[in-house]
Protein chains: 2
Amino acid sequence: MAHFPCAKEIDAKEVLKEKGLKSTPQRLAVLHVLHESTKYLSINNILDKTKEILPNTGLATIYRTLDVLADIGLISRVHFEDGCHTYAYSSDSHGHHIVCTKCNKIMDFAECPFEDYMENLSKRTGFKINNHFLQLFGECNECAGNAN
Amino acid sequence: MAHFPCAKEIDAKEVLKEKGLKSTPQRLAVLHVLHESTKYLSINNILDKTKEILPNTGLATIYRTLDVLADIGLISRVHFEDGCHTYAYSSDSHGHHIVCTKCNKIMDFAECPFEDYMENLSKRTGFKINNHFLQLFGECNECAGNAN
DNA sequence: ATATTTGCAAAGGATTTGCACACAC
DNA sequence: GTGTGTGCAAATCCTTTGCAAATAT
């Protein structure tokens, strides 16, 4: 199997093995690409960079691999404002929501716990933070209270 | 023009007028549907419910209307794990990211400012919060420091 | 009266799937 | 050796767009 200088490679191999998944060059290459990149990459960016390592990689493999890696927690899904088209009524400008994963109930909450934290985080990261997106998932009291 | 019992209708009309947009039955109906619903609705759910009010509404109108309403802040975009396929490397299980909207630089941060807040929010909303999604947008120090 | 908005249908992209072959275990 | 994973191409799905007719102002 090919070998790539990915800091998380050994870890990744173990995580994959734990889940009964194979450590394929493609999976390690995609992880490597994401790990090395300091920028957001589109699916095609990821494909191109992966092809620099494994020229025959197909687009479908990228999709499948990203799903696998996200499912086992080695990467995470990132949301962009214009990349995701689902909407909910919002009673205030923050528009944060809590979603019940059992019944889909949705509740928006006005106050934003981050306001204070932002400044702190701005200083530490060097980012001037303009906007934020927060969403909570859980079970509403009916679903949590009633049986499964 | 049709009239719907939407608490925010008058407000919506004003906001639309302010922006030079027309208060069409479709826009008010979609807003009404989202406002009345306590649950997350898919695009097709929104179409179906809107058709209960205005039977001839087309799907394209739903998309256009949701965009307009989101742009003027009357509704907000909601992200679901499987509804948005963009990924980034994640160095910890939280996987929160800050994204620079100018150069696309992405930085993940380990600590989660919500940990403490969760319990508090759980009590107030009645939701048992299992998971959360947080993402920040801004400008990295190079982009913020350098000219535009 | 006029410019915006809508509905329909067609176009366009993005993502997924089927299947034979390759490969990690 | 076996079953999972991959590559290719086709199929599918979601979203956007063009245009003529309708309509809010």
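Lettering follows sequence order; numbering is per chain, from 1.
For D:dT6, one of the phosphate oxygens OP1 or OP2 lies less than 4.0 angstrom from a side-chain nitrogen or oxygen of A:T24. Close to C:dG7, at under 4.0 Å from its OP1 or OP2, lies a side-chain N or O of B:T61. For C:dG7, one of the phosphate oxygens OP1 or OP2 lies less than 4.0 angstrom from a side-chain nitrogen or oxygen of B:Q26. In terms of phosphate contacts, B:R27 brings a side-chain nitrogen or oxygen within less than 4.0 Å of OP1 or OP2 of C:dT5.
We find the CG-CG distance between B:L16 and B:L69 to be 7.0 Å, quoted to the nearest 0.5 Å. Summarising the geometry, atom CG belonging to B:L66 is positioned 5.0 Å from atom CD1 belonging to B:I43; distances are rounded to the nearest 0.5 Å. A distance of 5.5 Å separates CG of B:L21 from CZ of B:R27, quoted to the nearest 0.5 Å.
Across all strands shown, A:L21 has heavy atoms under 4.0 Å from sugar-phosphate atoms exclusively, and none from any base.
In terms of position on DNA chain C, the residue among B:N56 and A:A60 whose nearest nucleotide sits closer to the 5' end is B:N56. If A:K22 and B:T57 are placed on DNA chain C by their nearest nucleotide, the residue sitting closer to the 5' end is B:T57.
Listed nucleotides: D:dT17, D:dA24, D:dT6. Nearest to the side chain of B:P25: D:dA24. In the set D:dT16, D:dT17, C:dA14, C:dA14 carries the atom at the smallest distance from any side-chain atom of A:Y63.
Regarding B:L59, its CG atom lies at a distance of 15 Å from the C1' atom of C:dA11, rounded to whole Å. Spacing between atom NZ of B:K13 and atom C1' of C:dT4 amounts to 17 Å, rounded to whole angstrom units.
Between the side chain of B:S122 and the main chain of B:F127, a donor-acceptor pair closer than 3.5 Å is present.
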